[in-house]
Amino acid sequence: MAMRPLSEMVEAANAAAPAPEMNIAVGAAAPQYELYHFALSLCSQKVRATLAEAGVSYVAHDVNADPGNYHPDYIRLRLMGVEGRGFATGYTGRSAVGTEGVDPLVVPTLVDLSQERVVIDSRVICNHIAQYSAPHLVPAALEAAISHELDIIDGTPHVAMLYGAHPEHDFRPERIRKIMPGMHDRRIEKLTRLMSETADDAAVAAAFAAKIEKENAGRGFVHTPEAMRAAVGEMVDIVAALDARLGDGRGWICGDQFTLADVLWAVSLFRMKWIGMAWLWAGDHPLNATAHPRVAAYAAQLFERPAFGESVIYWPGVPRSEFVAEYYDD
Ligand SMILES: N[C@@H](CCC(=O)N[C@@H](CS)C(=O)NCC(=O)O)C(=O)O
């Protein structure tokens with residue numbers, strides 16, 4: 001089959017956005033990128049925060065108003081960014097492409113309009129933005145240190161924290177505790193229906209099949225108490241180790257310069273707070289007794305950044321949780 005031009009595929013994906021009233025043009029200049037994202041998605045937040053720190057103009061399309069509800073035109077566009085990497089079919093509670101594979105039915109997806117290129121995976125996307133729009137976020141001398149931090153952030157089991165409960169202490173926001181039971185089953189049902197409707201496109205059908213396999217594995221993971229306990233234990237260790245690295249009095253995580261690693265730590269730490277895990281650094285909790293004041297101070301400094309506020313905390317459609325109520329007046 002002849003390849004359609006990218007501009008046509010972008011147009012089709014844009015027309016398929018389920019909530020066009022949530023399309024947002026950011027910045028006054030001509031857009032450099034089109035971003036397909038979801039307000040609450042952690043990986044989307046990483047990209048929006050990087051774009052905000054880079055100060056570039058782009059158009060954001062919220063494609064995932066109803067998780068599991070992916071339009072074939074969005075999937076076709078995303079598949080152009082896969083570049084031979086294998087699909088993720090297992091589940092470890094994290095979403096790093098490097099270790100898990102590519103999930104063809106997720107956000108974020110970035111289109112670089114001048115390069116006519118589709119870029120997927122938040123880590124690759126953020127590096128792409130920094131390389132072409134904000135080189136100060138990845139200074140050459142700090143490249144290895146930044147990459148090490150990105151490995152840690154990407155390997156943090158945030159997905160497990162959202163979809164699964166610790167068997168003894170479900171610390172998550174009330175609304176999350178209410179909606180998550182049965183979520184994997186509902187998604188599998190919806191995905192199976194969508195797959196049957198797109199059986200004539202083998203590439204899209206293969207994407208649905210991989211996603212269904214991954215959702216099945218996810219259901220198994222969150223219902224395995226030892227897996228959930230271990231994932232929470234990993235979170236505790238990650239924050240303790242972050243506190244230790246901050247121990248030499250450095251201003252930012254890679255030294256005295258604010259970098260991409262700080263942008264992404266901001267998103268990761270805010271998610272921990274949002275989900276009800278600020279005790280990871282406050283301590284005095286049945287799952288973590290130890291306070292980590294350096295992480296507390298680092299997080300506070302990151303959350304105050306205007307670019308972070310506009311792209312994450314106050315981005316339209318980001319639901320509030322009782323654990324971040326202090327950021328909102330009403
Ligand atoms: N490694 C990918 C992972 C993407 C990913 O897992 N996205 C999640 C949100 S952070 C998602 O879209 N979940 C919704 C779904 O599975 O339908 C990235 O960083 O972009």
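Order of appearance sets the numbers: ligands from 1, and atoms from 1 within every ligand. Since the structure is predicted, the reported quantities are computational estimates derived from the model, not experimental observations.
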Do the side chains of Val232 and Asn288 get nearer than 4.5 Å, heavy atoms only? no
Is the number of heavy atoms from other residues, nucleotides or ligands under 6.0 Å of Asp248 CG greater than 12? yes
Sub-3.5 Å N/O-N/O distance, Lys211 and ligand 1: yes
Any idea which protein heavy atom is nearest atom 13 (N) of ligand 1, and the distance to it? Val106 CG1, 3.7 Å
Answer yes or no: is there a donor N or O on one side and an acceptor on the other, between the side chain of Arg172 and the main chain of Leu162, under 3.5 Å? yes
Other residues, nucleotides, ligands: >12 heavy atoms within 6.0 Å of Glu116 CD: no
Does Arg123 come within less than 4.0 Å of Asp151, counting only side-chain N to carboxylate O? yes
Check the hydrophobic clustering (I, L, V, M, F, W, Y; side-chain heavy atoms under 4.5 Å; chains of links allowed) and say if Val63 and Leu105 are grouped together. yes
Evaluate the side-chain proximity of Leu302 to Phe308: yes if any heavy-atom separation is below 4.5 Å, no if none is. no
Ranked by distance from atom 9 (C) of ligand 1, the top protein heavy atom is Ser41 OG, 3.4 Å
Whether Lys46 lies under 4.0 Å from ligand 1, heavy atom: no
Any heavy atom of Arg187 closer to ligand 1 than 4.0 angstrom? yes
May I ask you to identify, for Tyr70, whether its side chain, its backbone, both or neither come under 4.0 Å of ligand 1 on a heavy-atom basis? side chain
Side chain, backbone, both or neither: which part of Leu105 has a heavy atom under 4.0 Å from ligand 1? backbone
Any nitrogen or oxygen of Val107 lying under 3.5 Å from a nitrogen or oxygen in ligand 1? Just yes or no. yes
I need the nearest protein heavy-atom contact for atom 20 (O) of ligand 1: residue, atom name and distance, please. Ser122 N, 2.8 Å
Can you tell me how the ring of Tyr36 sits relative to the ring of Tyr74, calling it parallel under 30°, perpendicular over 60° and tilted otherwise? tilted
For Ser44, is at least one N or O under 3.5 Å away from an N or O on ligand 1? no
Return the option from Gly218, Ser95, Cys43 holding the heavy atom at the smallest distance from atom 1 (N) of ligand 1. Ser95
So, regarding Lys214 and ligand 1 (criterion: nitrogen or oxygen to nitrogen or oxygen, under 3.5 Å), is there a contact or not? no
For Leu42, counting its heavy atoms only, list the atoms of ligand 1 lying under 4.0 Å from any of them. 10 (S)
Got Asp262 and Glu53 here, is their nearest side-chain heavy-atom distance under 4.5 Å? no
Enumerate the atoms of ligand 1 whose separation from the nearest heavy atom of Val97 is less than 4.0 angstrom. 1 (N)
Check this for me: does any side-chain nitrogen of one of Arg294 and Asp243 sit under 4.0 Å from a carboxylate oxygen of the other? yes
What about Asp103: any of its N or O atoms under 3.5 Å from an N or O on ligand 1? no
In ligand 1, the atoms that come under 4.0 Å of a heavy atom of Pro108 are 20 (O)
